[in-house]
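To start, the structure under review is shown below, and the notes come after it.
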Amino acid sequence: MAVICGKLFYKGEIITAGIEIEDGIVKRIDKKLEGEQIDGLILPAGIDVHVHFRDFEENRKETINSGSLSALFGGICLVVDQPNTNPIVDGADEYKRRMDKAMKESYVDYRLNVALTNRNSDSLIETLKEIEKDYFVPAIGEVFIHHTNPDLQIPYDTLSMIRKSTSKLITVHAEDPALIDEDSTQAEIKSVERCLELGNFHFCHISTYDSAIKISDSESTFEVTPHHLFLSYDDLQNLGSFIRVNPPLRSRVEAEMLFNGLQLADIIASDHAPHTLEDKKDGKPGFPGVETMYPLLIYLMKKGVIGVRTIVKLISSNPARIFGFERYGEIEIGNYANFAVFDLKSVTKIRADKLHTLAEWTPFENFDAIFPRRVYIRGELAIEDGEVKIDPGLHKHEERSGTE
Ligand code: DOR
Ligand code: ZN
């Protein structure tokens with residue numbers, strides 16, 4: 001049993017109190033508790049529901065090990081990995097193979113979506129049932145309405161059929177293939193409209209204010225990324241082919257509108273999509289971002305641009321609620337003791353060579369940020385002042401406190 005004391009976010013307020021932790025779980029929160037005094041603000045560690053940790057045949061781009069280390073340094077305690085790997089995770093064997101790997105190699109808690117492809121659409125519901133005997137599957141996704149790999153580009157009819165056959169969360173990358181070359185903004189908006197006619201979804205990385213309004217008028221939910229909020233096509237012309245990401249960066253005006261409509265969003269997620277420098281030169285779409293997301297937000301909190309409640313809601317409590325991660329989301333009695341501690345005085349510039357992803361670059365180079373001084377995962381001090389204190393391997397976390 002341990003007690004840490006300091007300023008913490010509890011039930012929507014910043015209070016000064018102690019947190020008693022036993023077997024990785026918060027047992028008590030009380031002003032009277034005495035224990036180790038922690039400098040800085042203790043917030044729930046983040047959940048990133050959209051990362052591409054590659055690995056398998058693409059381990060030069062990222063691995064579960066490197067991606068999860070990057071997550072940890074960014075104050076993230078749980079990731080949802082996407083199955084558009086090589087090979088694609090669209091069957092029970094690949095799913096198990098990847099989860100086994102994460103069990104040995106991940107630094108943070110790890111969950112994996114299952115892919116919908118044109119090969120598995122007839123058997124996916126059965127496959128899902130089989131996988132769910134052994135694992136908690138967060139969602140079917142990310143389902144691509146447009147993709148350069150024809151196996152991954154899913155027709156609306158198939159999406160509709162799957163939507164009707166399960167109540168499972170489905171996450172959709174909505175870009176309409178018919179419009180993508182002509183008008184990529186409309187490609188997103190029209191695709192969102194079509195999907196909303198088919199049922200309820202969770203929309204990945206929404207990049208336009210119009211889509212945000214449409215989704216928020218429905219039962220569906222959506223994510224935004226830091227890059228669509230804080231970067232724009234207008235500002236990053238100098239990036240050349242590195243600017244490519246799907247959906248693309250929008251104009252400065254559109255990004256500002258999306259940011260001003262942040263109260264409409266349910267989740268902030270990075271869409272961490274690392275590539276090698278060579279691949280970026282060749283125009284491969286995707287930005288790394290799992291390590292910089294929470295630090296960028298905390299800096300903006302210090303500047304008074306975003307409130308702490310909004311940040312915690314978008315990065316922790318809503319992801320846990322929408323994806324069904326029990327014992328995550330809030331600093332609360334009975335939940336895992338997953339915390340990120342930020343010293344608001346230690347503002348640093350983001351530098352690619354200080355990050356832990358294999359990507360070797362960041363679109364946020366030179367941006368101000370506040371990285372966590374400490375991260376606790378299930379009560380264990382996992383990093384402190386830039387130093388890793390734990391070995392990778394999920395079983396270690398889970399042995400301590402079990403899984404949902
Ligand atoms: O830019 C992107 N890259 N968008 C996606 O949706 C997929 C991702 C990737 O896997 O590279
Ligand atoms: Zn995507």
Side-chain angles (χ1 to χ4, degrees), residues 48-64 66-67 70 79-90 98 112-117 138-154 159 169-177 180 184 187-188 191-192 195 201-208 211 215 221-229 231 233 236 239 241-250 265 267-290 293 357-364:
D48 192 341
V49 299
H50 195 138
V51 301
H52 298 267
F53 281 173
R54 314 289 193 209
D55 214 311
F56 288 171
E57 298 299 310
E58 289 182 317
N59 57 11
R60 65 195 184 282
K61 295 189 184 212
E62 194 76 288
T63 63
I64 290 175
S66 59
S70 193
V79 294
V80 177
D81 202 5
Q82 303 301 332
N84 64 330
T85 44
N86 182 7
I88 298 169
V89 182
D90 62 353
R98 201 161 172 86
L112 177 60
N113 282 349
V114 63
L116 168 61
T117 61
I140 296 169
E142 98 184 83
V143 174
F144 292 92
I145 305 298
H146 168 260
H147 203 281
T148 48
N149 176 349
D151 242 357
L152 283 169
Q153 177 163 311
I154 302 299
L159 180 63
L169 189 66
I170 302 177
T171 73
V172 182
H173 179 139
E175 288 190 289
D176 196 294
I180 199 117
S184 77
E188 177 182 281
S191 184
V192 164
C195 293
F201 298 96
H202 174 76
F203 290 92
C204 304
H205 40 57
I206 285 303
S207 64
T208 65
S211 309
I215 300 166
T221 53
F222 73 97
E223 292 145 42
V224 288
T225 68
H227 51 271
H228 293 114
L229 291 171
L231 305 178
Y233 185 80
L236 287 182
L239 279 186
S241 63
F242 280 60
I243 203 171
R244 287 212 53 206
V245 64
N246 291 332
L249 295 186
R250 306 300 181 193
I267 290 179
I268 189 161
S270 70
D271 192 12
H272 179 79
H275 294 284
T276 62
L277 295 180
E278 276 306 300
D279 282 342
K280 285 306 289 178
K281 281 181 201 139
D282 288 345
K284 279 273 181 340
F287 293 165
V290 70
M293 177 165 69
T357 164
L358 300 186
E360 294 188 82
W361 80 289
T362 165
F364 297 105

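Only heavy atoms go into these numbers, but all of them, side chains included; no hydrogens, no water, no symmetry mates. Indexing begins at 1, ligand by ligand and atom by atom, following the structure's order. Everything quoted here is computed from the prediction, not taken from an experiment. Sequential numbering from 1 along the given sequence is applied to the chain's residues.
- When ring centroids are compared, H50 and H205 come within the 6.0 Å threshold.
- With a 4.0 Å cut-off on non-hydrogen atoms, H275 touches ligand 1 through its side chain and not its backbone.
- Residues satisfying the side chain to side chain contact (heavy atoms under 4.5 Å, CB included) test with P177, not counting sequence neighbours, are I145, H146, Q153.
- Looking from atom 4 (N) of ligand 1 to the surrounding protein, the closest heavy atom is N246 O, 2.9 Å.
- The pair K61-D279 meets the salt-bridge criterion, with a side-chain N (NZ, NE, NH1 or NH2) lying under 4.0 Å from an Asp/Glu carboxylate O.
- Contact annotation for E142 and ligand 1: only side-chain heavy atoms (C-beta onward) come within less than 4.0 Å of the ligand.
- Under a 4.0 Å criterion applied to the non-hydrogen atoms of D271, ligand 1 contributes the atoms 4 (N).
- Ligand 1 is approached by F144 to a heavy-atom distance shorter than 4.0 Å.
- Scanning all protein heavy atoms for the shortest distance to atom 8 (C) of ligand 1 gives A273 CB, 3.7 Å.
- Interface of V245 with ligand 1, defined as ligand atoms under 4.0 Å from a residue heavy atom, comprises 1 (O).
- Under the salt bridge (Lys or Arg N to Asp or Glu O under 4.0 Å) criterion, D151 pairs with R119, not counting sequence neighbours.
- Between the side chain of S184 and the backbone N or O of A187 there is no donor-acceptor pair closer than 3.5 Å.
- Contacts with ligand 1 closer than 4.0 Å are made by heavy atoms of both the backbone and the side chain of P285.
- Of all non-hydrogen atoms in S241 and K280, the two that sit nearest each other are OG-O, 2.9 Å.
- When non-hydrogen atoms are compared, ligand 1 lies under 4.0 Å from the side chain of R54 (C-beta onward) but not from its backbone.
- For ligand 1, the atoms lying closer than 4.0 Å to a non-hydrogen atom of G286 are 1 (O), 2 (C), 3 (N).
- T362 is linked by a side chain to side chain contact (heavy atoms under 4.5 Å, CB included) to I350, A352, L355, F364, E365, counting only residues two or more places apart in sequence or in another chain.
- The number of protein N, O or S atoms lying under 2.8 Å from the Zn ion (ligand 2) is 3.
- Residue P138 comes nearest to L112 through the heavy atom pair CD-O, 3.2 Å, listed as atom of the first residue, atom of the second, then distance.
- Between the side chain of H147 and the main chain of N149, a donor-acceptor pair closer than 3.5 Å is present.
- T117 and D90 form a side-chain donor-acceptor contact under 3.5 Å, judged by distance and modelled atom types alone.
- Looking at D55, its side chain does come within 3.5 Å of a backbone N or O of I64 through a donor-acceptor pair.
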